[in-house]
Participant: 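Sharing a structure with you now.
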Amino acid sequence: MCGIFAYTGSNGKNAAKVLLDGLVSLEYRGYDSAGIFIPEAGVIKTPGAVGALRKKVPKNFKGKSGIAHLRWATHGEPTEKNAHPHWSGDKEIWVVHNGIIENWQELRAKLISKGHTFVSDSDSEIIPHLVEEHLKKHKNFEKAALAALNEIRGTFGIAMQYKGEPDKLIAARMGSPIVIGVGKNERFIASDASPILPHTKKVVFLEDGEVAILTPDKHTVLKLNATKIQREPEEIEWNAEQAQKGGHEHFMLKEILEAPLVVEDTMRGRLILNKGTSKLGGLDKVEKKLKEIDRIIIVACGTAYLAGLVGEYMIEEFAGIPVEVELASEFRYRKPVVNKRTAVLAISQSGETLDTLEAIREAKRQNALTLGIVNTVGSTITREDDSGVYNHAGPEISVASTKAFISQLVVLALMTLFLGRQRKMTAAQGKEIARELKKLPGKLKAILENEKAIETLAKKYSHHRDFLFLGRKYNYPVALEGALKLKEISYIHAEGYGAGEMKHGPLAMIDENFPTFAVAPHDSVYEKVLSAIQQVRARKGPVIALTTEGDSEVQKIADDVIYVPQTIEMLSPILNVVPLQLFAYYFAKEKGLNVDRPRNLAKSVTVE
Ligand code: F6R
């Protein structure tokens with residue numbers, strides 16, 4: 001998730017100032033590098049955020065229009081050369097891009113064969129070159145841009161500019177948000193309305209598959225097939241902070257609601273349906289070594305550790321490799337037995353968690369193959385591990401991890417396909433998993449449509465001080481995660497337990513004031529979880545249960561039921577965790593707590 005901001009005006013404002021001031025309000029979208037292009041003045045790029053860019057911009061860097069960008073790396077390290085804007089070979093076309101171009105390698109090869117040379121490792125750089133190529137034929141910027149946009153596949157939010165028509169900007173949207181600002185003798189393009197709001201409240205939201213052509217006094221909206229669309233600007237009442245949260249009250253809710261897109265982004269270009277496997281650049285590099293490992297140790301903390309527990313079940317069942325999951329803080333201080341046939345896999349959203357980093361360093365000292373599943377490109381873990389896979393979940397702002405957890409599970413499923421197909425998994429098994437993965441975004445959308453019902457449920461139970469979460473097998477870690485989410489943002493006592501462990505202790509706590517949240521989908525342990533629910537009922541404990549659509553048994557024994565669509569057992573945590581995240585969110589909101597910044601916690605734990 002990057003930040004885009006572009007400006008064109010005929011009212012005397014200095015575009016460089018407008019763009020630099022506006023970029024600041026997009027910094028929440030993550031940044032590792034920043035850049036600005038003004039046709040009259042040139043281009044400036046730098047690693048770091050807006051402050052670093054501002055320092056490099058000289059006083060005489062001025063103009064009437066321009067494009068600017070904050071990058072949050074997906075392809076290519078966060079360096080100056082990979083920062084945006086990118087330009088065409090003849091330096092006439094300039095582009096800023098948010099998203100992932102799926103067919104960039106194919107297009108890049110085609111362009112190289114036509115004589116183009118590339119200066120960065122970024123997928124985005126192919127866009128200006130493609131427009132340049134079409135401009136040779138069409139001799140018209142708008143036509144060339146449309147032709148190029150029709151050739152790229154993937155997600156994009158784009159702003160582009162042509163030196164030959166410097167007051168014109170072209171925007172396009174497919175999966176990554178784009179807002180057009182409509183001012184007096186000025187027009188804007190941005191990733192959200194926050195940088196536009198100091199100038200105008202009139203905006204046009206582009207839909208997927210739409211393009212906008214802007215000059216200071218006019219904007220036209222088109223479909224990718226060039227048909228015109230009539231869209232009147234709307235007046236928004238949000239302030240800048242609300243705009244950053246997409247109109248939601250908290251980042252946590254925005255991030256939970258992003259789950260369908262996150263799953264698509266994490267899988268983009270990586271799932272090979274017809275072969276029942278996955279293509280993960282990071283693992284390709286160590287493919288031979290991975291064939292030789294006889295054990296995996298997953299090291300992580302908190303929510304990432306719980307994703308690791310699901311990964312253990314996936315990899316052992318479908319790849320047949322023994323897996324252990326260890327709290328990174330434990331692993332680093334005991335004397336783990338590790339050798340060169342062990343892969344130590346770190347899972348970390350931030351890539352900076354000190355305990356996880358130290359666990360990787362310890363594994364390296366012992367000659368293990370070190371791998372990472374990390375969301376933040378260029379973070380310390382990604383620089384120190386041997387190889388790894390990025391989540392592509394976009395920056396997570398809320399302290400409580402939600403969308404990163406979902407993407408960690410998706411990467412683990414993709415890794416399972418990769419490792420499994422290297423070993424005992426048949427093509428038919430691989431294809432079934434791949435097909436089910438592909439259906440997840442649609443099923444997540446259906447779950448999120450139920451948001452209101454979960455809000456009502458959270459309100460109903462919000463006076464309770466204690467909660468037990470139960471789950472079994474693949475959904476045991478989901479129960480642990482449900483409890484962790486509730487305690488970290490609601491400050492109440494919540495315990496997660498394996499449903500089979502109930503009678504070994506926790507059952508003693510249950511009475512009419514101690515509710516249980518049971519995760520009971522239709523899987524191989526469904527009956528076992530049902531019987532745990534019955535044990536709770538027999539002690540008069542209130543029960544909320546999550547089960548699969550079409551179930552008729554759970555409602556007979558639970559007080560409240562949440563239904564989720566069916567999927568295969570190994571992928572069910574990806575669906576089941578979402579209602580638990582929403583439950584925790586609305587529970588904390590009902591208590592009036594600071595959901596995004598829970599007390600005593602930090603987003604990135606870089607101390608012991
Ligand atoms: C819980 C949460 C934490 C993190 C943990 C690891 O919602 O966010 O438990 O999961 O601090 O952080 P990363 O993944 O950055 O290593």
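Whatever order the structure lists them in is the order used to number ligands and atoms, beginning at 1.
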Participant: Would you confirm whether the ring centroid of Y313 sits within less than 6.0 angstrom of the ring centroid of Y476?
Facilitator: no
Participant: Within ligand 1, which atoms have a heavy atom of A304 less than 4.0 Å away?
Facilitator: 10 (O), 14 (O)
Participant: Whether the side chain of N98 engages the backbone of C2 through a donor-acceptor N/O pair (distance < 3.5 Å, no angle test) should be reported.
Facilitator: yes
Participant: Would you mind checking which non-hydrogen protein atom is closest to atom 15 (O) of ligand 1, with the distance to 0.1 Å?
Facilitator: S350 OG, 2.6 Å
Participant: Write out the residue and atom name of the closest protein heavy atom to atom 12 (O) of ligand 1, then the distance separating them to 0.1 Å.
Facilitator: T353 OG1, 3.4 Å
Participant: CG of D560 to NZ of K460: how many Å apart, nearest 0.5 Å?
Facilitator: 3.5 Å
Participant: Considering only protein heavy atoms, which is closest to atom 10 (O) of ligand 1, and at what distance to one decimal place?
Facilitator: T303 N, 3.1 Å
Participant: For the residue pair F587 and F583, does the interplanar ring angle fall in the parallel (under 30°), tilted (30 to 60°) or perpendicular (over 60°) class?
Facilitator: tilted
Participant: Which protein heavy atom lies closest to atom 5 (C) of ligand 1, and at what distance to 0.1 Å?
Facilitator: C301 O, 3.6 Å
Participant: Would you confirm whether R421, through its side chain, and M425, through its main-chain N or O, come within 3.5 Å as a donor-acceptor pair?
Facilitator: yes
Participant: Does either side chain, that of H97 or that of S124, offer a donor lying less than 3.5 Å from an acceptor on the other one?
Facilitator: yes
Participant: Would you mind listing which atoms of ligand 1 come within a distance below 4.0 Å of any non-hydrogen atom of K485?
Facilitator: 1 (C), 7 (O)
Participant: May I ask you to identify, for E352, whether its side chain, its backbone, both or neither come under 4.0 Å of ligand 1 on a heavy-atom basis?
Facilitator: neither
Participant: Look at the side chain of Y31 and the backbone N and O of V50, then say whether any donor-acceptor pair between them is shorter than 3.5 Å.
Facilitator: no
Participant: Number the atoms of ligand 1 from 1 as they appear, then name those within less than 4.0 Å of a heavy atom of S348, with their elements.
Facilitator: 13 (P), 14 (O), 15 (O), 16 (O)
Participant: Is any side-chain N of the basic residue among K364 and E384 closer than 4.0 Å to the acidic one's carboxylate O?
Facilitator: no
Participant: Can you pull out the closest protein heavy atom to atom 14 (O) of ligand 1? Residue, atom name and distance to 0.1 Å, please.
Facilitator: Q349 N, 2.6 Å
Participant: Taking only heavy atoms of A400 into account, list the atoms of ligand 1 that are under 4.0 Å away from them.
Facilitator: 7 (O)
Participant: Decide whether an N or O pair under 3.5 Å exists between T356 and ligand 1.
Facilitator: no
Participant: Please work out which of the three classes, parallel, tilted or perpendicular, describes the rings of Y585 and H250, given edges at 30° and 60°.
Facilitator: perpendicular
Participant: For atom 7 (O) of ligand 1, find the nearest protein heavy atom and state the residue, atom name and distance (0.1 Å precision).
Facilitator: E488 OE2, 2.5 Å
Participant: Please work out which of I489, V605, T402, V399 has its closest non-hydrogen atom nearest to atom 11 (O) of ligand 1.
Facilitator: V605
